[in-house]
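Here is how names work: the chains are called A, B, and so on, in the same order as the sequence lines, proteins then strands, and each is numbered from 1. Predicted, not measured: the structure shown is a model, and the values here were computed from it.
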There are 2 protein chains.
Amino acid sequence: MNKGRVTVVDIAHAAGVSKSTVSLVLQGSPLVNEATRAKVNAVIRDLGYVYNRAAANLRQTASSKIVGIVVNDLTNSFFAELAVGVDMVVQSAGYVQFLANTAESVTRQGEVIASMREHGISGLVISPARGTEAADLKPLVASGIPVVVVVRNIAGAKVSSLISDNRAGARAAVEHLAGLGHRRIAFLGGFPDTAVFDERRVGYREGLAAAGLEVANDLIAGSAPSRAGGVDAVQRALLLADRPTAALCFNDAVAFGVCDGLRSRRMEPGVDFGVVGFDDVIEAKTAVPALTTISVDPQGMGQRAAQLLMKQINAGKPEPEALTGAVRLVVRQSCGAGAKRQEWRSAV
Amino acid sequence: MNKGRVTVVDIAHAAGVSKSTVSLVLQGSPLVNEATRAKVNAVIRDLGYVYNRAAANLRQTASSKIVGIVVNDLTNSFFAELAVGVDMVVQSAGYVQFLANTAESVTRQGEVIASMREHGISGLVISPARGTEAADLKPLVASGIPVVVVVRNIAGAKVSSLISDNRAGARAAVEHLAGLGHRRIAFLGGFPDTAVFDERRVGYREGLAAAGLEVANDLIAGSAPSRAGGVDAVQRALLLADRPTAALCFNDAVAFGVCDGLRSRRMEPGVDFGVVGFDDVIEAKTAVPALTTISVDPQGMGQRAAQLLMKQINAGKPEPEALTGAVRLVVRQSCGAGAKRQEWRSAV
DNA sequence: TGACAAATTTGGATCGATCCAATTAAGTCA
DNA sequence: TGACTTAATTGGATCGATCCAAATTTGTCA
């Protein structure tokens, strides 16, 4: 008994052919006679044979049919959806994915990438942890494995990237709020030392400038990019002498927190204060009030990233491409667009 | 050039030793002399050698250091956190995880399990898709691979399971609401054809009985187990002649939807209507009002499931165990416990 | 029927790391 | 120094599937 494991040799023996023939059947070669093919397939089914990919991949000509996906925070539904998008494409291409969560730890990220390399991934989609540098991906890229960076860019890394158009999105949001009559528009939440924060802040400023509004630094209040952070940020903003009447939030989680914070001060989002989020997570649509936000479609983004990766894997030699994901403003209730026109003044 | 790939033989040649010695160094054997070990390690670093796990696993004595995790809906943050919990344990045990999302498709689930088998996983944690039968896992268990089923049980499958104590949780929630003075308590949301729904409904009935309340079937309103489903379910419940004044919801997502639905009818959750969720997802704590719910701790559950799996992998022969996860009632605002005592009557 | 082409089948070498038995080097002691 | 133990190293076989060149069978036509 070979530990219960059935191999090509066992199949060959039982079917009365050579292992080479069995191998040809396995890969659906047209060289093999229909009658033998049928017989071999029957034996395969009878013996409960399981193909051993690891053994096949040993030949250097073969590729592993495994891709890695590394995300910085899977508990954030944005990234969970991103992973689902990748999974969909990867699965239908006959690949499987190694998924690892780094929880924003560059150390752990290094470990999982090393482990994935040892397991022979043929490509990697990564949403890097905060503080990731080009050097962290260097060995991977050097060995010719295609890498697609999503969501957060890494300066100087010679890899493909798929980043959503944060600047244009933020700008559109601010212009929309200005169009509704708001004069004091805050930018709430997010860690100021990240590239994404930077891009959105630039867009925020552009939007203000385009609307002929003054840019005041006290209207920018960073925080953790979470619901709790949003509560915190809006509370600080409301302490200002000259209060904002609306806010663009770093992301949807922050925006929900801002709504919570407003309510705890007896202000109703979309009525007493305009709120715009960023990302358009699934809950944005069904929340009350429904969240006006910049739609990024994380699942679609995951799909595009995976498609790009697949293209590069098949191409053999990866040619870095930098794509930007289109974003669009989705107007719902939280910005107050439906409410009757009024002058937005700081309530006392 | 071997396609740039560095192997043990290359290392051996460069270090002036045999491949056997290199292999011993790789596995940290005490048999090798310190001086040679140092030299070999230096060469390994210099040449940028990457260990090839697939090749090593080819020997039948070795195990793959890969586990699979299959979830039915990764976009649901409950399962995303479960996956994170599994990932934590698995990573620190030096394993990597194949993660696949089935989106409740039994067909896809079958495909991914087959694919994982071909890649030689040494264990599987699975939250099965709706409609999964014992037969779907049969070949896997037959080949001696440990399987841990989480969240949803599969009748008749000879595998280990880790299911949270749905009955006790639901019962505690209902007794709590009854203790607050509620007489008409609804059970909202969830698909009625699932085991989890069944268990929670049993607990709901037990709770009503224990409080001496009548069990009325019209107070049970199923729906999709999502935020949108919650909105829908509460709206139907409020159309009843004899309206409920509180509800136990199938899960937290439904509970949030119920809050949304109440607000859209100008009722405030925790004031005009008592709401209790199930699962205790991260947002439950920070939502406004904070959600009273049954805490299941999905991340901890993932960890326990992974630990159980690891134990079985190391044990060699998997001995099926059925564990139930403890749950506890977390009282926050949405149930109205903080509000001043009053008679709960159906508001007109 | 023999010569030749086309269709099938096959043994052996190969991928990269591990394991075993066997060999060599170093150390100990009478 | 020789006999012996202990430490360190090594060649070859092995895992399971693939690939190649070579062998075998079948088919075609003069």
**Asked** Counting only side-chain N and O atoms of A/S18, is one of them less than 4.0 Å from OP1 or OP2 of C/dT9?
**Response** no
**Request:** Take the protein atom CG of B/N52 and the nucleotide atom P of C/dG16, then report the distance between them rounded to whole Å.
**Result:** 7 Å
**Prompt:** The side chain of B/Q27 lies closest to which of these nucleotides: D/dT9, D/dA17, C/dT18?
**Reply:** C/dT18
**Prompt:** Whole Å only: how far is the CZ atom of B/R37 from the C1' atom of D/dA7?
**Reply:** 13 Å
**Item:** Atom pair distance, as rounded to whole Å: CZ in B/R59 and P in C/dA17
**Value:** 13 Å
**Message:** My understanding is that only one of B/V86, B/I163, B/V151 makes a side-chain contact (heavy atoms from CB on, under 4.5 Å) with B/M301; could you say which?
**Reply:** B/V151
**Asked** A/R53 CZ to C/dC15 P: how many Å, rounded?
**Response** 22 Å
**Asked** Mapping B/L24 and B/A55 to their closest nucleotides on DNA chain D, which lands nearer the 5' end?
**Response** B/L24
**Message:** What I want to find out is whether A/R37 reaches A/E34 closely enough, with some N-O distance under 4.0 Å, to be called a salt bridge.
**Reply:** yes
**Item:** Residues B/R152 and B/E104 bridged, charged N to O under 4.0 Å
**Value:** yes
**Asked** When you check the phosphate oxygens OP1 and OP2 of D/dA17, does a side-chain N or O of A/S23 lie under 4.0 Å from one of them?
**Response** no
**Message:** Output the rounded distance in Å from CG (B/N33) to P (D/dT6).
**Reply:** 18 Å
**Prompt:** Do A/S64 and A/S122 pass the side-chain hydrogen bond (donor to acceptor under 3.5 Å, both in side chains) test, and can you show the C-alpha distance, the side-chain angles, and the key distance before you say yes or no?
**Reply:** CA-CA 6 Å; A/S64 74; A/S122 16; 3.2 Å; yes
**Message:** Taking 4.0 Å as the cut-off, does a side-chain nitrogen or oxygen of B/T36 come that near to OP1 or OP2 on D/dT9?
**Reply:** yes
**Item:** Among D/dT9, D/dA17, D/dG11, the nucleotide that comes nearest once only the side chain of B/S20 is considered
**Value:** D/dG11
**Request:** Grab the CD-P distance between B/E34 and C/dA25 for me, whole Å please.
**Result:** 21 Å
**Message:** Does A/V17 reach a base, just sugar-phosphate, or nothing at all? Heavy atoms under 4.0 Å.
**Reply:** sugar-phosphate
**Prompt:** If you look at every strand shown and take non-hydrogen atoms under 4.0 Å, does B/V22 touch a base, only sugar-phosphate, or nothing?
**Reply:** nothing
**Message:** Just the rounded figure in Å: distance from C1' of D/dG16 to CZ of B/R117.
**Reply:** 16 Å
**Asked** Which nucleotide, D/dA17, C/dC15, C/dT18, lies nearest any side-chain atom of B/L26?
**Response** C/dT18
**Item:** Whole-Å gap separating C1' (C/dC20) and CG (B/L31)
**Value:** 13 Å
**Prompt:** Do B/E111 and B/S115 have a side chain donor and acceptor closer than 3.5 Å?
**Reply:** no
**Message:** Counting only side-chain heavy atoms from C-beta out, which of D/dA17, C/dG16, C/dA17 sits nearest to A/Y51?
**Reply:** D/dA17
